[in-house]
Structure formats: structure tokens, C-alpha cells
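Have a look at the structure below, then the notes.
In what follows, chains are A, B, ... by sequence order, proteins preceding strands, each numbered from 1.
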Amino acid sequence: MLKFTQDHEWLKVDGDIATVGITQHAATQLGDLVFIELPKVGAKLKKGAAAAVVESVKTASDVYAPLDGEVTEVNQQVVDDPAGLSADPQGKGWLYKLKLDRSAEVADLLDEDAYAKLTA
Amino acid sequence: MSNSHDNTAPILRKTPLHAAHVDLGARMVSFAGYDMPVQYPTGILEEHTWTRNNASLFDISHMGQALVIAHDGRHETAAAALEALVPADILNLAPGQQRYTQLLNATGGIIDDLMVTRPTESAIAAGTLMLVINAARKDIDCAHIAKYLAASSRLEPLPERALLALQGPKSGDVLGALCPESRALLFMQATRAKIASYECYISRSGYTGEDGFEISVAAKDAAGLWQTLLASDAVRPCGLGARDSLRLEAGLCLYGHELDETTSPVEAGLVWSIQKRRRIDGGYLGAERVAKELASAPARVRVGILPAGRPPARDGTEILSENGEQIGIVTSGGYAPTLKRPIAMGYVPPLYAEPTTSVRLRVRGALLDARVVTLPFVPHSYRRSA
């Protein structure tokens, strides 16, 4: 199940594990990425708090935690090659995996159509 | 996700090349009140690298152009009038020579930095100086100059002119093919010449550290000149994003970052732009502070900073000593595409300004290792000799 936030993150939810990244729209807006900082595995994230940082040549942007949960895995590949994220932000460019505290809250997030309308 | 540098302005001005940028698919952003291309679809990294290896075309028409005109038509008169406002030697500028200088306030702070050209006598009436000033400072500069300029001369803004920059190691060949007169120009020399059919004022200068030209042209001719220059395979359009990363690698100051009304040219490391006669004689607004700082030392100086790790340290980042004491602030910082690592400039007390001095940078709460380095980060490639 693919969900989105108004802050341009996507989540692919499988049971209580959500894979999180930034949307194609966000990646296009940011342009070439040069530095990515991810949360530590085991970190407990609160919805709306800064979870990761993506930096383009020009700016640093926070990526917020979409829901409460614990980080179970991070994508070291995008840290090693930030430019690689831009090529496939909603696939190989995922940032981290989150074990959701309350997976039912996924229902409150935007679906693909609602997000498409938001960025149209 | 949030963009921490979101700029919005209610009404944006457009340069004569606005439609050309939109046609090229540029991403337009607000900059100094203008709707300007921050990048083209190629992206900032590629535009940056292209400029270092080939030639790039920039629209810098947002910058202000103006003339200082002596009523008596004598260079000495215009030079004396402008010298009251800037610390550079304008009097001894040869025809066709350009200088970088600063407008200073009464306390030696920098109101703006600018280029001053004494045109060749065949280019424009004698007793005229051409100025190029920063877009965001136009109104402030013009009010300041109008207030302090001697009655012998007057200021004439040139809002109907566009400004293009052609920058990069292939610039000389590209422009030389269209304008043979440009081949004879050395760094900081200027002439009037035709590029194709367009009447232009051309100076061999720029803001990237590379060989290149800045070309002033009538607004009505700007789009034609833009297309003519872009027709070369060696030339690609380049936006303000890469212009900023290029100037940062070249260690060049950006007004509002390295320079402001509290910062003196001595602090900013611009003493090279104050020629000997002016250092000795003074005679310009702010000269007392400059003389004092030249005799002793300024409170802080501009330095290059090389972070040891990968996180960029942006404008506003705290600089700390190894003991953890805050000693300064980063004024520009980001990723250097040529060096493939972060770089920064900032101000620290002279005690910490020696190259190799270890410092710390506070980035998102973490203290990161860095060291002071000599500027520029990437050597300049100006054409200083034939």
C-alpha cells in the first residue's frame, strides 16, 4: 500500500513496516542532491519531527517522520551516492524503514490520487 | 519535507531574457526582486562542471548598470567624484580598463561591491565611467551616490540595458569567432565592439574564477545576442545556482553574505582592491576605518573553511575554536562540485585565520571538524597575459 504526506514523503506499507522516502515531485524540486543524513537504526521517531536531511547544492531540507515508530533499516546506498536518489526517489532511493507504533494511522495519510491533486 | 530557504515575493521583475529561460525549461525563482533561472533541466552540478570545462552563458541582466558622467567631459572630473565614494584608484584607470571596488559608508562598511570601467575613448564620450552594481542594492546605491556625488558629475542609471556573462575556458574562442576585437582583451580590460550585428560593451571579467566576458547590450538586442552565443556547441545556458557554487569555489564575495554595511574591505580581504595611492591619501567615505584596520588589525577576517566530513556547513553556521568557544560565523557554504566536497567561507578573529588552523562547525547540533584554508578553493584561470 502506497501512501503520501503533505510534506512530500511517500510510505510503502507492509504490515507494520513502512518504507519511507521523498516523492518524485520533491526530488525534482530539490534538483541534484549532494548530501543525505539518515536516522540511526533503533531511533524512535515522533510524527512530524525531523527524521532525515537531504541537501541539494543550494539548500538543506528536513524530511519529517510521517508517523510514530522505530527505525529498523536505513538505505546506506543513498548516503554513499546522494545523486542516485534523484534517479529513482520512489524506488531504489528509499531512505529508511519504520516499524510503526500504530499501523492503523496509515489510513489518515494521503493516497496516490490525493497526493497527485496536492502537487498538481 | 521542508525547504528552509523558501523565497517568495509578490511582484517579480523580468529581464529581457525571461521568455528565453522559460523556453529552455528553466526553473525560475525569485532573486533580488527578479524572476530568475536558478537552473536549466541539465541541473546545477552539470552546469557547474560545464562552465569549468567549456563555456556557459548566464543572464545577469538583473544587475544594475549606470554611468557617472562629468559635466566637463573630463575623466579626471568623473574619477575625482567617484573616488570620494570608493577606495579604488579610479583616476589612474587607463582607457579600456576595469576595476573592482566597493561603495563604503561613513563607518567603512560596504554598501555594495561593484565594477568600474573607464571606457575607451572611441566607445563613449570622455569623462564617463561605467558601473555594474548588485541587483538587490540598486536603489540603495543610487540614493547613496546621488547624495554624495560631487556637483561636477551626475549618475545616469541604464535600465534599458541587459547584461550577459560568457564564462569558461572556451569563452575566448567562442567570442573571438564572433567578435575578433575580443581576442585582444586581457582580464579586467573592456572595449566596445559588435558581436554579430549587436553593439556591445564587452569586458573580460566574471564571477566564476574562469576566463570569460561580461557583455552589456541594449535590452532589445538581448534575446538575439543570447541565441547567437548559445548557437555554439561549446556554450550552454547556466543558472544562478551554478553561478553561486562557481563563485564560492573561486572564493569571491557575495553581497549580503560576505559583505554588508558593517563589514569593511579590510575584514573582507579586499585590500588588494585598494591601490597604494588611496591607502596613503584616503579621501573617501569610510577611509578612517580602513586606515586604522590597515595599521593595526581588523576584529575579524574572511577565511576559507574546509569541513573534514561530508555535511555542508551553510550560511549562518557557528564556527568554534578547538576549545569550543564561538569565534565566528559561516557566510557562504555548500557543496563544491569541482572538489566533490563541502566548502565554506566565513569570518573569524585574525588569531584563527592562519591556514591549517583547526576549527569546529556546529551543524544541526553536532560539532564537526574543519580547518581554515587559503582562498580560492579552485585556482583562478583569468587571462592575465596574451
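No more than 12 heavy atoms of other residues, nucleotides or ligands shown are found within 6.0 angstrom of CG on B:D233. Within 6.0 Å of CD in B:Q326 there are more than 12 heavy atoms belonging to other residues, nucleotides or ligands. Environment of CG in A:D14: sparse, with no more than 12 heavy atoms of neighbouring residues, nucleotides or ligands closer than 6.0 Å. Counting non-hydrogen atoms of neighbouring residues, nucleotides and ligands closer than 6.0 angstrom, the CZ atom of B:R371 reaches no more than 12 such neighbours. The neighbour count for A:E112 CD, taken as heavy atoms of other residues, nucleotides or ligands under 6.0 Å away, does not exceed 12.
Annotation: the span from A:D32 atom CG to B:E47 atom CD amounts to 8.5 Å, rounded to 0.5 Å. Distance NZ/A:K58 to CG/B:D244: 4.5 Å, rounded to 0.5 Å. Note: B:D315 CG to A:T59 OG1 = 13.0 Å, rounded to the nearest 0.5 Å.
Under 4.0 Å is where a charged nitrogen must lie from a carboxylate oxygen, and between A:E55 and B:R314 at least one such pair does.
For a residue to count as touching a neighbouring chain, one of its non-hydrogen atoms must lie under 4.5 Å from one of that chain's; by this rule A:S56 touches chain B with the backbone only. Looking at B:R310, the atoms closer than 4.5 Å to chain A (heavy atoms on both sides) sit in the backbone and in the side chain alike.
Panel note: side chain B:R27, backbone A:T28; a donor-acceptor pair is recorded below 3.5 Å.
Contact count against chain A (heavy-atom pairs under 4.5 Å) is highest for B:P312 among B:P312, B:G241, B:A242.
Taking both residues in full, the closest heavy atoms of B:Y335 and A:V34 are given as CD2-CG1, 3.3 Å, listed atom of the first, atom of the second, then distance.
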